[in-house]
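The next block holds one structure in the form of structure tokens; read it before the comments.
Positions are given from 1, in the same order as the sequence printed here.
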Amino acid sequence: MDSTATSEPWDDFVSGEEIVISGIAGRFPDSNNMDQLRENLFNKIDLVTEICGRWKRDYVDLPKRMGIIHNFDKFDADFFGISSQEAHTLAPEIRMLLEHASEAIMDAGINPKQLRGKNTAVIIGSSFCETQSKFLYEDLEVEKYVN
């Protein structure tokens, strides 16, 4: 590489505006929020367990120990202006995404309504969609909610 070359922005766009990460939210094994996670980590609590009643133990792909997220089936559909029938068709990961995006915005000290029409992003990280098999292999009555 030529030592006189200058570094270009990764997206060839320089706006002069700064990026700020100002709020955070999440749900983790045995920790319903960031404060509980912090306390559990500081207290050196093992957040991975062998006890799990969510899946049958005869699945060969299941590890013997895993972290379990609690209350994944809870969702305040009214808060997000979603009917309970429509919320029923959303994967738990999507419902949690809505909840945690809202929590992160409020954690930043911002009223979510103030963001309407603003150039704002919510960056997320996610892994493994356990509901894929539910929608692929179970006979769900979705049509009556969609139309």
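Here the side chain of Glu86 pairs no donor or acceptor atom with the backbone of Ile82 at under 3.5 angstrom. In this structure, the side chain of Asn33 engages the main chain of Asp35 through a donor-acceptor pair within 3.5 Å. The main-chain N or O of Ala87 is never found under 3.5 Å from a side-chain atom of Thr89 such that the two would form a donor-acceptor pair. The closest donor-acceptor contact from the side chain of Arg95 to the backbone of Leu90 lies under 3.5 Å. At distances below 3.5 Å, not a single donor-acceptor pair connects side-chain atoms of Asn40 with backbone N or O atoms of Ile45.
Inter-residue side-chain proximity for Thr49 and Asp30 is flagged as unmet; no heavy-atom pair is nearer than 4.5 Å. Using a 4.5 Å heavy-atom threshold, the side chains of Phe75 and Met96 count as separate. With contacts defined as side-chain heavy-atom distances shorter than 4.5 Å, the pair Glu99/Phe80 qualifies.
Nearest heavy-atom pair, Glu103 versus Ala25, reported as atom, atom and distance to 0.1 Å: CB-CB, 3.6 Å. Between Val48 and Arg65, the closest heavy-atom pair is O-NH2, 3.0 Å. The two residues Pro92 and Phe72 make their nearest non-hydrogen contact at CB-O, 3.8 Å. Across Leu47 and Leu41, no two heavy atoms sit closer than the pair CD1-CD2, 4.4 Å.
Cluster membership for Met106 and Met34, using ILVMFWY side-chain heavy atoms within less than 4.5 angstrom, is not shared. In terms of hydrophobic clustering, with Ile, Leu, Val, Met, Phe, Trp and Tyr side chains grouped at heavy-atom distances under 4.5 Å, Phe28 and Phe42 are assigned to different clusters.
To the nearest 0.5 Å, the span separating CZ on Arg116 from NZ on Lys118 amounts to 11.0 Å. For the atom pair Arg27 CZ and Asn71 CG, the distance stands at 6.5 Å (nearest 0.5 Å). To the nearest 0.5 Å, atom CG of residue Leu97 and atom OG of residue Ser102 are 10.0 Å apart. Atoms CG and NZ, on Asn32 and Lys74 in that order, are 11.0 Å from each other to the nearest 0.5 Å. Annotation: the span from Leu115 atom CG to Lys113 atom NZ amounts to 12.5 Å, rounded to 0.5 Å. Taken from CZ in Arg38 to CG in Asn43, the straight-line distance is 10.0 Å, to the nearest 0.5 Å.
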